[in-house]
S.K.: 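The structure's right below; bear with me while I get my questions together.
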Amino acid sequence: MLFVTRRAVFSAAHRLYNPELTDEENEAIFDKCNSYNGHGHNYVLEVVVAGEVNPKTGYVIDLKKLKKIIRENVIKKVDHKHLNLDVDFLKGIIPSAENIAIGIWNQLIDKIDEGKLFSVKLYETENNYVEYRGDK
Ligand code: NI
């Protein structure tokens with residue numbers, strides 16, 4: 001089994017708050033991430049595809065193709081957007097790194113037809129990242 005990774009970056013704004021909680025509860029949980037008009041991050045996304053090497057191509061998945069899948073299904077939808085307001089696949093959820101990673105996974109899972117989507121890793125800052133490997 002081989003693991004092939006494509007990295008992509010995007011910049012986006014978000015605000016962390018739960019509309020079902022009071023202002024005080026939101027403040028206590030999300031602190032400055034709850035600031036009313038949001039704040040931005042330069043996100044780094046790593047998409048890992050696992051599989052066997054195709055003897056015909058020598059590839060698990062053609063990285064040019066993976067780049068295009070990520071661009072069309074994720075980056076175009078999130079780059080320079082407000083994640084609470086502008087992104088169809090994040091509507092109605094708290095756009096934490098965790099939930100964004102799950103949303104990105106769901107965007108990609110049916111699009112990858114060589115190898116198998118193995119993980120979505122999302123860095124929100126240099127030191128904080130989450131990794132999602134599906135619900136199994
Ligand atoms: Ni944030």
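Residue numbers count from 1 along this sequence. Just follow the structure's listing: the first ligand is 1, and inside any ligand the first atom is 1.
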S.K.: Do we see a donor-acceptor contact under 3.5 Å between the side chains of T5 and E46?
M.R.: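 Their side chains do not contain a donor-acceptor pair, so the 3.5 Å distance test is not met.
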S.K.: Verify the distance criterion only: is there a donor paired with an acceptor across the side chains of N34 and R15 at less than 3.5 Å?
M.R.: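 Judged by distance alone, the side chains do pair up.
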S.K.: Would you call E72 and K68 a salt bridge, taking side-chain N to carboxylate O under 4.0 Å as the test?
M.R.: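 No salt bridge links E72 with K68.
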S.K.: Around the Ni ion (ligand 1), list the protein N/O/S atoms within a radius below 2.8 Å, excluding water molecules.
M.R.: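 Atoms qualifying: H14 NE2, H39 NE2, H41 NE2.
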S.K.: Please round to the nearest 0.5 Å and tell me the distance separating atom CZ of R133 and atom CG of L117.
M.R.: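 That separation rounds to 11.5 Å.
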S.K.: Before giving the answer on side-chain contact (heavy atoms from CB on, under 4.5 Å), spell out for L83 and Y43 the whole-Å C-alpha distance, their side-chain angles and the decisive distance to 0.1 Å.
M.R.: CA-CA 12 Å; L83 302 177; Y43 290 94; 3.8 Å; yes
S.K.: Under 3.5 Å, is there a donor-acceptor pair between the H39 and H14 side chains?
M.R.: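 Present: a donor and an acceptor within the cut-off.
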